[in-house]
Amino acid sequence: MSIPGAITGAHSTSDIRNIALVGQAGSGKTLLTESLLVEAGVIRSRGSLERGTTVCDFDPQEKQLRHSLDAALVHLPVSDRHVQLFDTPGYPDFAGRALTVLEAVETAAVVVSAVNGVEPVTQRMMDFARDRELCRLVIINKIDAKDAQPEAVLAQLRELFGRELLPLNLPAQGGRSVVDCFFDPGPDAIQPPDFSSVETAHTEIIDQVVEVDEDLMALYLEQGEELSPEQLHDPFERALREGHLVPVCFTSAETGVGVKELLNIFARLMPNPLEGNPPPFLRGENGQTERVKVKADPSQHVVAHVFKVNIDPFVGRLGIFRVHQGTVRSGAQLFIGDARKPFKVAHLYRLQGKDHVEVPQAIPGDICAVPKVEEMHFDAVLHDSHDEDHYHLKSITLPPAMAGVAIEPERRGEEQKLSDALHKLVAEDPGVRIEHQAGMNETVLYGMGDLHLRVLLDRMKDRYGVGCKTKSPSIPYRETITRPAEGHHRHKKQTGGAGQFGEVYLRVEPLPRGEGFEFVDEVVGGVIPSQYIPAVEKGIRQALNEGAVAGFPLQDIRVIVHDGKHHPVDSKEVAFIAAGRRAFLNAVEEASPIVLEPLVRIEVTSPSAATGDITGDLATRRGRVSGSQALANQRTRISALVPLAEINDYQSRIKSLTGGEGAYTMELSHYDPVPPRKQQELAQAFKREAES
């Protein structure tokens, strides 16, 4: 689809506005993007989700499901401004694809349904944007829907996220129009808002803005001077940066109400790359890092960040990046991370939905893409000088992929084809995890939820031609110890020639949950020569994966090697590997080992009438309900801790309990001991398997 007027001529960094529309699925982000494109003159008419004709939902899977599954970028010329706008997925299963896009923008525009109010993804996006020090804007959409409650939703937002959420405009005529409360507020008599008043809203937002500027406050409060939007611009930007102000505006993507006003807010009030909070770039590795300043200066060295990778069977690998410093030109040489060999920017594209428009250069603030660079990967930093070899953005914490399915190819001999397809899925989506469980001979594909997994499996089949057989994965149990113990083993082997000899004494101690493994060398006097200490550790690490009770990996253990013996001729690495492994297993057997199971933190959103059924069902699954929260429209959010082993079938169960009206999100909380009876079952099963 050719999109007229989408990408205009040259612009400066101060003209750019980078904004991501984020929020719960169903809040109307894709249709709002369509309405904004129409208002900006980029397209002639709005596309339809039902017909699959929207600019941003161009993937066949998105058209089939009628929901966004990935983030898409569009460009809108607004007066002399260049707005780069992301439409992001709102299903909790695809939160990772939305959160990574926020690395490329100054403003997170959180879209909230005036019907449903604050939902789980709303909370997640507001919290993430605050923690990442992004400027925030809240858009209350669907204000003219039949069951819309814009006043109640605004009150709910302010109660949850603070009194700094203040409206720039207000709905009027039952949501058929909006009235301005900031730029040019008129008297209420002209068009009274549906609630509050223009004067009240105007006063509240001006009071909030001038609090960050003492001189302006004096003009306003002491001298009674009326302040213009131009006078308020700098303190407005500062209030946004500091989180002292979160503007709220009202729209209806369906009818276009408030869309023109929203474009004006984007252009005049949202920060450009020079005004937003600087990105958190660090230099160094392995904990030895320092904060570095990256300037939005086109004449400096290039520093750009790859926040998204697409892999297309026809186009190949496409690295999508935001330029933070310097100018990227077509034909230039760039390095990826600390690589010594550069790659050539053969083509430089701006993305407009599914279209790629070639451009000669990209300046600070621009978002562009480079195709067919196989080394390109998510979170890479691109640069043109070795001075920036060890630059990287501060890592973000994505929700862990907890929903898993064990997979194998439908046809024998396609193992390599499956492996290649899985690597492409991981490269494209940071919310995907692949784990090969050697002890169980399982390859497990992990995603954010059942829908995420279904989309990934369909994509493998449709895009890469790999069909899979699936089954429920084995639960990732772990083992640990509960008290200190000593271990010792002498490995001695004589084969006629040179023998093998190594002797190890060690202690094991339990570590706090989640601490992993710690190896401590307390050997003195050279009783174990220093060159054999790594071999001892290697043997211990091998044993970590074998388990002591039921064959599951061991964790949360400190091992202290403190004594041993060696032979000047017969001691070898292999001997100390064997001695370390056996001494460790001996110690673990004396340290009261137990089996641990993963507990997940689950949040269930459902009609309030189903609350009792859900809490009762969670109790039968050994769940511990930690709280509930009343939401808008007779809905309730229930929080609980539940063993992962108990909710393999929860997607179908929650649909049954709520008549299809419930949804849930989950993430790993921690590991806890399994009940004694369950540990006995797991140990017996392991013993039977070992004997067979």
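Hydrogens, waters and symmetry mates are skipped; everything else that's a heavy atom, side chains included, is used.
R411 and E414 are joined by a salt bridge, as a carboxylate oxygen and a charged side-chain nitrogen come within less than 4.0 angstrom of each other. For the pair K461 and D458, the salt-bridge criterion is not met [side-chain N within less than 4.0 Å of a carboxylate O]. Ion pairing of D617 with R621 is present here, as a side-chain N (NZ or NE/NH1/NH2) and a carboxylate O approach within less than 4.0 Å. E428 and K424 are not joined by a salt bridge, as no carboxylate oxygen comes within less than 4.0 angstrom of a charged side-chain nitrogen. Between R322 and E106, at least one side-chain nitrogen of the basic residue sits less than 4.0 Å from a carboxylate oxygen of the acidic one, meeting the salt-bridge criterion. Taking 4.0 Å as the cut-off between side-chain N and carboxylate O, E103 and R132 count as a salt-bridged pair.
A donor-acceptor distance shorter than 3.5 angstrom exists from the side chain of H566 to the backbone of V527, with no hydrogens or angles considered. Remark: side-chain polar atoms of D93 are paired, donor with acceptor, to backbone N or O of L451 under 3.5 angstrom. With hydrogens and angles ignored, the 3.5 Å screen pairs no side-chain donor or acceptor of D570 with any backbone N or O of Q500. With hydrogens and angles disregarded, no donor-acceptor distance shorter than 3.5 Å links the side chain of K538 to the backbone of F576. Within the 3.5 Å criterion, the main-chain N or O of A548 finds a donor-acceptor partner in the side chain of E479. For the pair N277 (side chain) and E133 (backbone), a donor-acceptor distance under 3.5 Å is present. Between the side chain of Q325 and the backbone N or O of K295, at least one donor-acceptor pair lies under 3.5 Å.
Side-chain contact between V381 and H390 is absent, with no heavy atoms from C-beta onward closer than 4.5 Å. When side chains are defined from C-beta on, P598 does not count as touching P643, because their heavy atoms never get closer than 4.5 Å. Proximity of I434 to T443: side-chain heavy atoms (C-beta onward) are separated by under 4.5 Å at one or more points. Two residues are said to be in side-chain contact when any heavy atoms from C-beta on lie closer than 4.5 Å; M460 and L418 meet this criterion. A heavy-atom distance below 4.5 Å is not found between the side chains of S626 and L641. Side-chain atoms of V302 and S385, non-hydrogen and from C-beta on, never get closer than 4.5 Å to each other. Proximity of N310 to R317: side-chain heavy atoms (C-beta onward) are nowhere separated by under 4.5 Å. Between S669 and V600 there is no side-chain heavy-atom pair separated by less than 4.5 Å.
A pairwise comparison of heavy atoms in P89 and A71 identifies CD-N, 3.7 Å as the closest pair. What you find for I336 and A380 is that their closest heavy atoms are CG2-CB, 3.8 Å. Scanning all heavy atoms of the two residues, the minimum distance from E442 to P473 falls at OE1-CA, 4.0 Å. Across G326 and P364, no two heavy atoms sit closer than the pair O-CD, 3.1 Å. Scanning both residues, T289 and G284, for their nearest heavy atoms gives CG2-O, 3.5 Å. Nearest heavy atoms, L599 versus L668: O-CD1, 3.5 Å.
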Stepwise side chain to side chain contact (heavy atoms under 4.5 Å, CB included) test for V508 and F584: CA-CA 8 Å; V508 295; F584 174 69; 3.9 Å; yes

Side chain to side chain contact (heavy atoms under 4.5 Å, CB included) between I320 and V309: does it pass, once the steps are laid out? CA-CA 6 Å; I320 306 168; V309 172; over 6 Å; no

Step by step, would you call V504 with I528 a side chain to side chain contact (heavy atoms under 4.5 Å, CB included)? CA-CA 8 Å; V504 173; I528 300 178; 4.2 Å; yes

Test side chain to side chain contact (heavy atoms under 4.5 Å, CB included) on Y650 and V642 and set out the steps. CA-CA 11 Å; Y650 202 59; V642 192; over 6 Å; no

Mind running salt bridge (Lys or Arg N to Asp or Glu O under 4.0 Å) on E408 and K471 for me, showing each step along the way? CA-CA 9 Å; E408 60 180 270; K471 64 178 182 179; 5.5 Å; no

Should K687 and E689 be marked as a salt bridge (Lys or Arg N to Asp or Glu O under 4.0 Å) after you check the CA-CA gap, both sets of side-chain angles, and the distance that decides it? CA-CA 5 Å; K687 184 178 180 180; E689 186 176 334; over 6 Å; no

CA sep, side-chain torsions, deciding dist, call: F335, H386, ring pair (Phe, Tyr, Trp, His ring centres under 6.0 Å): CA-CA 8 Å; F335 298 98; H386 287 302; 4.2 Å; yes

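Aromatic ring centres of H383 and Y391: separated by at least 6.0 Å.
In this pair, H324 and F281 present their aromatic rings perpendicular. The plane angle is above 60°, beyond the 30 to 60° band. Aromatic ring pairs are classed by plane angle as parallel below 30°, tilted from 30° to 60° and perpendicular above 60°; the pair H452 and F94 is perpendicular. A tilted orientation is assigned to the rings of F517 and F519, their planes being inclined by 30° to 60°.
In this structure, L457 CG and R454 CZ are separated by 10.0 Å, a value rounded to the nearest 0.5 Å. For the atom pair K469 NZ and E410 CD, the distance stands at 7.5 Å (nearest 0.5 Å). To the nearest 0.5 Å, atom OG1 of residue T88 and atom CG of residue D70 are 10.0 Å apart. Here OG of S395 is found 8.0 Å from CG of L282. Values are rounded to the nearest 0.5 Å. One distance of note links OG1 of T100 with CG of L398; it measures 7.0 Å at 0.5 Å rounding. The line from CD1 of I602 to CD of E667 is 11.0 Å long, rounded to the nearest 0.5 Å.
Judged as a salt bridge (Lys or Arg N to Asp or Glu O under 4.0 Å), the pairs with a partner in residues 575-594 (not counting sequence neighbours) are, in order, E546-R581, R582-E589. Sorted by first and then second residue, the salt bridge (Lys or Arg N to Asp or Glu O under 4.0 Å) pairs involving residues 383-395 (not counting sequence neighbours) are R340-D389. Evaluation of the ring-ring contact (aromatic ring centres under 6.0 Å, His included) test over residues 469-492, restricted to residues two or more places apart or in two chains, returns Y477-F552, H488-Y505.
R490 meets the salt bridge (charged side-chain N to carboxylate O under 4.0 Å, His left out) test with E503; sequence neighbours excluded. Residues satisfying the side-chain contact (heavy atoms from CB on, under 4.5 Å) test with Q333, not counting sequence neighbours, are P342, K344.
More than 12 heavy atoms of other shown residues, nucleotides or ligands fall within 6.0 angstrom of atom CZ in R291.
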Quiz: residues 554-563 side-chain donor-acceptor pairs under 3.5 angstrom, not counting sequence neighbours:
from : atom 1 : to   : atom 2 : distance (Å)
D556 : OD1    : G514 : N      : 3.1
D556 : OD1    : E515 : N      : 3.1
D556 : OD1    : G516 : N      : 2.9
D556 : OD2    : G514 : N      : 3.2
R558 : NE     : E518 : OE1    : 3.4
R558 : NE     : E518 : OE2    : 3.2
R558 : NH1    : E509 : OE1    : 3.0
R558 : NH2    : E518 : OE1    : 3.4
H562 : NE2    : E486 : OE1    : 3.3

